[in-house]
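Convention: sequence-line order gives letters A, B, ...; per-chain numbering from 1.
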Amino acid sequence: MNRTRRLGRLGGLVAVAVAAAPFAWLWVLQMHDAPDPPTAQVRLDMGIWMAVFGTPWMIAAWLLWRAWWRETGARLSTLDGPGWLLAAAAAILPADRRDWGAAMAAELAQVQDHPARWRFAVGCARTAVFPPRGGRAAVGISGAVAVAATAAAALVTGVALPAGRVFVPVFVGVVGGLAVARSRPLGRAGRGVGVAGLALVGIAGCIGATIWYLAEYPLTRSGHPPSTSATLSPVTAVVLAVVLAGCLWLAATPPRWLAGDRHGRRFGVAGALVMAAGFVLVSRLEQRDTTLDAGIMSYLLLAAPAVVLAGSVAAAVAGRSFRSGLAASAWATVLGALLVILTWLAEAPRWYRQGRGLLLDGDGGGMGANLSDAIWWTLIVLALWALPVGVLGAAAGSARPRRSNAREHAGPVSAP
Amino acid sequence: MTGPRRPSAQTIAVVLALAEQPATWRYGYALCQQLDLKAGSVYPILMRLADRGLLETSWERDLPAGRPPRHLYRLTGPGRVLAEELAAAPSAPAKTARAAGGVGRRPRVEGT
């Protein structure tokens with residue numbers, strides 16, 4: 001086995017181990033924090049659950065590593081340290097600076113002296129990580145505007161919407177910080193108008209619904225202090241703000257591998273719309289059935305990953321590439337999360353008015369508790385469960401034409 | 001009213017180095033060596049100059065097999081005008097002139 005293959009296999013094993021580590025750590029943590037010493041059966045049951053949720057991630061990590069290794073890694077394995085550094089740094093350059101990455105790599109090929117290679121590569125990497133932007137004055141002004149907007153948001157929210165005094169300023173601050181830190185041209189958005197438009201609708205809807213919940217139901221239980229009954233705890237508020245700001249940034253300046261794939265964008269948008277429509281349909285059907293109070297947990301756990309899986313398989317088949325399926329999976333997860341949170345928050349009041357409790361599982365609880373349920377359950381299910389399943393779908397969809405091509409090239413198979 | 005801000009000393013050095021032989025294509029690494037500047041300084045300057053239309057870029061042709069083509073740079077018309085203005089400006093620091101190869105260091109001839 002040559003060095004490149006050995007490195008590829010070793011990297012795959014490391015990727016699997018890295019993907020498995022959080023689940024192993026979670027298992028150890030639960031055993032350690034259990035109030036009573038867990039029995040062997042409890043240990044086994046918890047281990048099975050960790051395996052159920054961890055296995056798709058481990059397989060997905062191996063598939064992602066394999067795809068990256070075939071495309072880039074094997075070539076990189078022939079490079080020395082400075083070459084690696086420069087290639088890695090050049091990979092994060094925005095599309096409009098890609099030529100400069102190639103220019104630096106070509107220059108490095110001419111530098112023979114080893115210390116000089118390192119010096120040159122480090123300098124180029126610094127340029128790639130912090131590429132020149134507009135004038136310093138423009139950066140300073142935009143930074144000042146971001147700080148002022150964050151401070152204004154904090155002041156206004158503190159007076160007008162006390163329950164949102166963490167969420168709103170953090171969202172404004174993160175968006176402002178991202179805008180100042182990375183001023184990237186928005187040229188690629190033209191190739192993904194549908195994606196960007198749907199993301200904007202989802203983000204605006206989530207912000208509007210969150211503010212409505214916080215205004216109408218600032219506490220989940222009346223008569224309790226906000227520290228124990230706030231509809232949006234500080235941690236959840238920060239998570240929601242960072243996720244929404246990240247989605248906004250992703251939609252406005254998507255990375256090359258996400259922006260450039262037509263099939264990935266189309267099937268990702270379709271998957272997100274189907275996921276949200278299915279959510280509303282299940283919610284309405286259950287509202288009509290008076291014998292069922294199951295909520296939408298089963299839909300989230302089973303149907304949402306199935307939608308992401310179907311979209312990624314379809315995109316990989318249509319685009320005949322793993323990358324198309326991966327892009328569809330990523331877009332369906334991101335856009336689906338926004339739309340599911342939005343539809344969850346829109347559907348929950350109907351349930352509540354019918355006396356059916358919380359939309360998640362029909363349990364009792366204050367109306368405001370729907371907000372945290374919508375955020376955490378959607379993010380956990382889609383990011384931890386549906387996303388790796390989507391990666392598996394991308395691999396399955398992209399493997400299919402390759403096998404059929406192989407059969408065609410192999411010619412007729414003689415009977416034994 | 002004030003005019004446009006004067007470029008940094010390093011930018012001036014790069015512009016003046018490119019203006020020494022304005023018709024000749026230059027390489028990024030060779031500019032680093034000539035001016036004794038790090039790549040992390042020279043490349044951002046080259047990017048900005050190209051963004052502003054002061055620098056023309058091209059890829060090397062007719063190269064030996066197995067070697068990637070290098071990126072070449074030379075000043076455009078407006079770039080040469082800027083170089084003349086900078087060279088004529090009285091506040092051009094001595095260090096800039098030295099770095100540009102005006103004193104004690106012979107500029108390398110490239111593009112051959």
Side-chain angles (χ1 to χ4, degrees), chain A residues 72 75-76 78-83 85-90 92-141 182-185 187, chain B residues 2-11 13-15 17-18 25-74 108-112:
Chain A
T72 314
R75 179 177 55 81
L76 291 183
T78 62
L79 301 177
D80 61 352
L85 175 67
L86 187 50
I92 63 168
L93 275 169
D96 59 317
R97 299 286 194 203
R98 217 171 182 178
D99 276 2
W100 289 96
M104 294 170 194
E107 288 287 357
L108 183 66
Q110 305 299 314
V111 185
Q112 301 300 327
D113 179 47
H114 199 61
R117 284 177 66 78
W118 270 112
R119 279 196 300 275
F120 184 75
V122 167
C124 291
R126 201 182 79 189
T127 306
V129 175
F130 304 105
R133 290 173 294 191
R136 286 178 190 168
V139 174
I141 289 169
R182 188 83 176 175
S183 56
R184 192 187 292 178
Chain B
T2 58
R5 200 160 60 91
R6 187 175 170 79
S8 69
Q10 292 175 335
T11 303
V14 171
V15 171
L18 287 165
W25 290 100
R26 311 290 298 273
Y27 305 128
Y29 182 61
L31 281 169
C32 296
Q33 286 186 305
Q34 178 189 338
L35 301 174
D36 199 18
L37 290 174
K38 290 180 177 157
S41 303
V42 170
Y43 276 101
I45 291 169
L46 293 175
M47 288 180 185
R48 282 199 197 95
L49 292 174
D51 288 347
R52 291 170 193 168
L54 301 170
L55 195 69
E56 194 180 353
T57 65
S58 176
W59 288 98
E60 192 179 28
R61 294 187 196 122
D62 302 329
L63 63 160
R67 183 163 76 70
R70 287 195 285 185
H71 216 202
L72 308 166
Y73 315 97
R74 71 181 179 192
R108 293 158 192 247
V109 178
E110 294 168 84
T112 53

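The CG atom of B/Leu31 sits 12.5 Å away from the OG atom of B/Ser41 when rounded to the nearest 0.5 Å. From B/Met47, atom CE reaches atom OH of B/Tyr43 across 8.5 Å, with rounding to the nearest 0.5 Å.
Note on ring orientation: taking the six-membered ring where Trp is involved, the planes of A/Trp100 and B/His71 are perpendicular (angle over 60°, cut-offs 30° and 60°).
With a 4.5 angstrom heavy-atom cutoff, B/Leu46 touches chain A via backbone and side-chain atoms both. Only the backbone of B/Pro69 comes within less than 4.5 Å of a heavy atom of chain A; no side-chain atom from C-beta onward does.
Your options are A/Ala105, A/Ala121, A/Ala102, and the one with the most heavy-atom pairs under 4.5 Å with chain B is A/Ala102.
Judged purely by atom type and a 3.5 angstrom limit, B/Arg70 has no side-chain atom pairing as donor or acceptor with the backbone of A/Gln110.
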